[in-house]
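The next block holds one structure in the form of structure tokens; read it before the comments.
Start at 1 and go down the list; that is how both ligands and their atoms are numbered. For clarity, every value in this text was computed on a predicted model and none was experimentally measured.
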Amino acid sequence: MKLKTKDLLTLAELTPKEFTQLIDYSILLKKELKNGTKPLLKNKTLTMIFQKPSTRTRISFETGMYQLGGHAINLSSDEMQLSRGESIEDTAKTLSRYTDCIMARVYDHSLLEKLSKSSTVPVINGLSDSFHPCQILADFMTIKEKKGKIKGLKIAWIGDGNNVCNSMIYGCALSDVKLSIATPKGFEPNKMVLKESEKFIDIDLTVDPIIAIKNADVVVTDTYTSIHTNDPKRIKHFLPKYQINQTLMNHASHNAIFMHCLPAKRENEVTSSVIDGPQSVVWDEAENRLHTQKALLASIIHA
Ligand code: CP
Ligand code: NVA
């Protein structure tokens, strides 16, 4: 499949049909991997720029390019002339002459927008302060695998209305999923993202995690401190009320699954008994970063 969008910065660039097709294509690539992936990206290169640390994103993109017959170049922004003041625009124009796609993990989302404007090759957001679209592709693939469907389910997001939550809202809007979000006051997701998405789906916003989680098919959380909001004082606004523990999970549907993008801060946003328990699908979710990003790369890099 070929995507119409040049870049994936938020997830909202995709149509509902493309989103569904990407998930189905990821499931197919996962099956095909057992017999070897076709070299769909032979001689293609992906340049990865990391301003912030990563385990899953780095390894899954690099492995994915390798499996597709291509190559990934990993750069921390400190190693580039960016660190000595070369503009992001000049960096984008230069990289576009060498590489077939750029994936960047940045602090400030506007940097990705600048990269996207000045580059002639696709730009993929590998996490910004505002969005994490690749994570949500993997999350919806995992939901489809575990639940056999996506449409009509209820997802509960409990905790910080952060970058992952913003992309989760777009994911729900693209796939007709009911979303309930419980955050403390002042930690709600982006208002513009909510407004745009409420045109397509019902989103309940509450401060009460018990209301949000009621009858949910999927329960999702993330850390209370992100790389760009790393103030430990934030945690007191969330604990103990928003912690996903077994007592809170018991308010969800009896066969609800638990998801977390990882890395997790155990005993903060989730207890070990839940993340290691029978309802948790976090390791499949992490693995699915590989399959969804392979589907994305093969669909966004045009011959
Ligand atoms: N979920 C995720 O993006 O993990 P990393 O920060 O390890 O890449
Ligand atoms: N919200 C987290 C996600 C990490 C994958 C962060 O931005 O640090």
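Using cut-offs of 30° and 60° for the angle between ring planes, the H109 and F131 rings count as perpendicular.
Among all non-hydrogen protein atoms, the one lying nearest atom 4 (O) of ligand 1 is R56 NE, 2.9 Å. With hydrogens left out, the protein atom closest to atom 6 (O) of ligand 1 is R105 NH1, 2.8 Å, a heavy atom. The protein non-hydrogen atom at the shortest distance from atom 2 (C) of ligand 1 is R289 NH1, 3.3 Å. Distance from atom 2 (C) of ligand 2 to its nearest protein heavy atom, with residue and atom name: S226 OG, 3.3 Å. H132 NE2, 2.9 Å is the protein heavy atom nearest to atom 3 (O) of ligand 1.
Residue contacts with ligand 1: C261 is placed with a nitrogen or oxygen under 3.5 Å of a nitrogen or oxygen of the ligand (distance criterion only).
Those atoms of ligand 2 with a heavy atom of N162 less than 4.0 angstrom away are 1 (N). Taking every heavy atom of T55 and a limit of under 4.0 angstrom, the matching atoms of ligand 1 come to 5 (P), 7 (O), 8 (O). Those atoms of ligand 2 with a heavy atom of L127 less than 4.0 angstrom away are 7 (O). Ligand 2 places these atoms under 4.0 Å from at least one heavy atom of D222: 1 (N), 2 (C), 3 (C). Shown in contact with N163 at under 4.0 Å from a heavy atom are these atoms of ligand 2, numbered in order with element: 1 (N), 6 (C), 7 (O). Heavy-atom proximity to I227, at under 4.0 Å, picks out these atoms of ligand 2: 6 (C), 7 (O), 8 (O).
Using modelled atom types and a 3.5 Å distance limit, the side chains of D90 and Q81 yield no donor-acceptor pair. Between the side chains of D222 and N162, at least one donor N or O lies within less than 3.5 Å of an accepting N or O. Side chains of H71 and E62: no donor on one and acceptor on the other come within 3.5 Å. Side-chain contact check for R266 and S272: at least one donor-acceptor pair (N or O, by modelled atom type) lies under 3.5 Å.
With a 4.0 Å heavy-atom cut-off, ligand 1 is reached by the backbone of L262 but not by any atom from C-beta on.
A cation-pi geometry, defined here as NZ or CZ lying under 6.0 Å from the six-membered ring centre and within 45° of its normal, does not hold between K265 and Y224.
Within the 4.0 Å heavy-atom shell around ligand 2 one finds L262.
Listed here is the closest heavy atom pair of I210 and L248: CG1-CD1, 3.9 Å.
Contact check for I124 versus I102: no side-chain heavy atoms found under the 4.5 Å cut-off.
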Please walk me through it: do W157 and S180 pass side-chain contact (heavy atoms from CB on, under 4.5 Å)?
CA-CA 6 Å; W157 176 280; S180 289; over 6 Å; no
